[in-house]
Visitor: 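Shown below is the structure under consideration.
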Amino acid sequence: MTSSTARPSGVLLWFREDLRLADNPALNAAVSSGEPVTALYVLDEETRGPRRLGGASRWWLAQSLRSLKADCDRVGLQLAIRVGKSRDVVTKAVEEAGVGRVAWNRRYAEAETKIDAELKDRLRKDGLEVESFNGRLLHEPWEVRSKSGGALKVFSPFWRAATARGEPRAPLPKPTKAKLKAGKALNGNSIDELGLEPTKPDWADGLRETWEPGEAGARKALTTFIDEGLKGYAENRDRPDLPATSRMSPHLRFGEVSPHQLWHAVEQARSEGSASARDVEKFRAELGWREFSYHLLHHFPELATKNLQERFDDFPWPTPDPAHRRAWRKGLTGYPIVDAGMRQLWTTGWIHNRVRMIVASFLIKDLLIDWRDGEDWFWDTLVDADPANNAASWQWIAGSGADAAPYFRVFNPSLQGAKFDPDGTYVRAFVPELEKLSARWIHAPWEASREALEEAGIELGKDYPKPIVDHRAARDRALAAFETLKAKG
Ligand code: FAD
């Protein structure tokens, strides 16, 4: 098509990491254009570059797509799901649907932005109008800048600069059937055909029992949090034994809810008197950490594989002990809070933030295993595995990242357990072997007397492991290794 020819009417809406209808800027623009809309999702595991989703994320994606498809049907939007290289699939879908316009919400990992930039170029050369929107972040990562215009590497100034940009926009409404003009329906694959869900073995029971993926599930989870968790959030968010955090992370990961919706929902709760300004501010600052991670990913695209601080490239990681790695992954380290966290991860695909910090510190510092090893395991097992948050958080714990916790901060797992899970409720939920052990010993069973262990029906080393490393000695070993970096300045 040349520019002098009339542009065909019709918009192709390409869903990606924005699997929702409400507050979806690209969808909103497509519907507002008054032109017929055709919707597409592409499962692209063929283009080299984008990181393949982990097992838990693949399970989530299948459920989320099912929910999105049903929601699209309800408003009269035809969603086709296709498999292949996104460049080819989108180009072909444009031709088949006969549209003159393509719209999508932006994504931020480098491999994906490259695909999008090339595709935009190609489609525009073919005479199409291509529009991209921000549906994922409160602020575009390049809009928040240091005084000299570059990246901000420390959270507080980043968040100050971000909030100084003003209030994030209000959420956009969900399009109605009456407003939406349906475009040409494309055929596509069924969700079962995508092969996203585990079959032999089907290990997803725990995920099914824990989560309701999809936009409606996200809405319910948000209502529950606002009714039950937001009040007292600032005080209780570090307690894994309490239902004190929102659990919105997988919903945010797949774009079933936007940060704008969360931003405004918590303020509404405050204005209605059901949360304090402190709770709202703290919760918004957590959304701020997510923004900060995306800012880092934008400026340091290799965040998941390369130390942000180059001096860490010389860190003397010993060859990992496979037995240690296995014990960590399976939750059999002998440190109850670590084991509870790793088993929570394995059964539910999620871990409480405080416990993520404890298990990550344990892997890196007590076991001296490279943070990338842990990042990779989380990538495979978390339902919220996120290219920005996961990588930035692992580097933060390792001390190799921006605004990192200093390397000499080594979490003591039993003290952390006693402080944040004081009655041992969290440990008991995931480590049933220790169910009968009293709160006094639950975070350090190796210190319990023989009688206390007998009373709880535990033989250490048989029913529950003895600690695989001595924390104090491991800490000294880690600090000595980290000292070598200090020497290099
Ligand atoms: P809430 O406390 O309710 O917070 C609301 C939202 O704010 C979260 O959903 C999340 O989007 C964001 N948020 C909260 N804390 C952080 C944080 N520290 N950094 C960035 N964003 C944050 N989060 C992920 O979404 N995906 C990951 O892959 C991921 N990997 C992590 C790995 C490690 C080693 C650590 C220490 C943290 C990781 N986090 C990750 C951050 C954090 O643990 C989770 O976002 C949080 O536990 C999700 O629970 P929630 O939704 O109940 O959080």
Side-chain angles (χ1 to χ4, degrees), residues 1-21 24-50 61-62 64-107 111-133 135 175 177 179-196 254-255:
M1 199 182 92
T2 65
S3 51
S4 58
T5 332
R7 184 174 64 74
S9 174
V11 190
L12 181 77
L13 172 75
W14 182 14
F15 280 108
R16 296 110 63 87
E17 297 181 326
D18 52 347
L19 306 180
R20 65 178 184 275
L21 300 186
N24 186 321
L27 173 61
N28 195 64
V31 174
S32 305
S33 72
E35 296 181 27
V37 186
T38 298
L40 175 72
Y41 179 86
V42 185
L43 180 69
D44 181 355
E45 298 190 302
E46 290 171 30
T47 304
R48 278 172 56 164
L61 176 62
S64 195
L65 286 174
R66 269 193 197 106
S67 163
L68 179 69
K69 199 159 171 38
D71 290 345
C72 284
D73 285 346
R74 265 179 232 120
V75 293
L77 182 62
Q78 308 282 348
L79 170 66
I81 298 173
R82 291 185 170 182
V83 180
K85 288 190 176 151
S86 20
R87 288 184 198 96
D88 304 341
V89 177
V90 172
T91 313
K92 192 150 182 280
V94 163
E95 277 170 27
E96 283 178 36
V99 294
R101 197 193 269 214
V102 181
W104 64 64
N105 292 312
R106 282 176 214 117
R107 44 192 185 174
E112 279 86 0
T113 56
K114 247 188 185 160
I115 296 173
D116 294 351
E118 278 176 37
L119 194 54
K120 204 181 235 184
D121 227 37
R122 192 202 291 183
L123 293 169
R124 280 185 177 157
K125 277 193 188 123
D126 289 345
L128 278 104
E129 250 181 57
V130 186
E131 282 183 293
S132 62
F133 299 84
K177 194 166 188 171
K179 284 242 175 85
L180 203 146
K181 223 184 210 175
K184 187 170 171 192
L186 303 174
N187 56 21
N189 292 91
S190 73
I191 291 159
D192 287 344
E193 282 166 349
L194 306 180
L196 292 169
F254 287 91

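Along the sequence shown, residues carry numbers from 1.
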Visitor: If you round to the nearest 0.5 Å, how far is CG of L61 from CG of L43?
Guide: 6.5 Å
Visitor: Give a yes or no on whether a salt bridge exists between R7 and E35, defined as a side-chain N under 4.0 angstrom from a carboxylate O.
Guide: yes
Visitor: Minimum heavy-atom separation for L65 and I191, please, with both atom names.
Guide: C-CD1, 3.7 Å
Visitor: Indicate the atoms forming the closest heavy-atom contact of V89 with V83, along with that distance.
Guide: CG2-O, 3.9 Å
Visitor: Write down the atom of E112, the atom of P50, and the distance for their closest heavy-atom approach.
Guide: OE2-CB, 3.4 Å
Visitor: Within the 3.5 Å criterion, strictly below it, is a donor on D116 or T113 matched to an acceptor on the partner's side chain?
Guide: no
Visitor: Are R16 and W14 in a cation-pi setup, meaning NZ or CZ lies under 6.0 angstrom from the ring centre and within 45 degrees of the ring axis?
Guide: yes
Visitor: Salt bridge check: are E17 and R106 linked by an N-O gap of less than 4.0 Å?
Guide: no
Visitor: Pair F15, N24 - check side chain to side chain contact (heavy atoms under 4.5 Å, CB included), show working.
Guide: CA-CA 10 Å; F15 280 108; N24 186 321; 3.5 Å; yes
Visitor: Applying side chain to side chain contact (heavy atoms under 4.5 Å, CB included) to V102 and E129, what does each step give before you reach the verdict?
Guide: CA-CA 6 Å; V102 181; E129 250 181 57; over 6 Å; no
Visitor: Between D192 and R66, is the closest basic N to carboxylate O distance under 4.0 Å?
Guide: yes
Visitor: To check you understand the geometry: which heavy-atom pair defines the closest contact between F133 and A26, and what is its length?
Guide: CD1-CA, 3.5 Å
Visitor: What is the distance from atom CZ of R124 to atom CG of L119, rounded to the nearest 0.5 Å?
Guide: 10.5 Å
Visitor: Which pair of heavy atoms, one from P36 and one from A182, lies closest together, and at what distance?
Guide: CB-O, 3.7 Å
Visitor: Looking at K85 and D88, is any side-chain nitrogen of the basic one under 4.0 Å from a carboxylate oxygen of the acidic one?
Guide: no
Visitor: Of the non-hydrogen atoms in V99 and G10, which two are nearest, and what is the gap between them?
Guide: CB-O, 3.2 Å
Visitor: Under a 4.0 Å threshold between the charged nitrogen and the carboxylate oxygen, would E118 count as salt-bridged to R122?
Guide: no
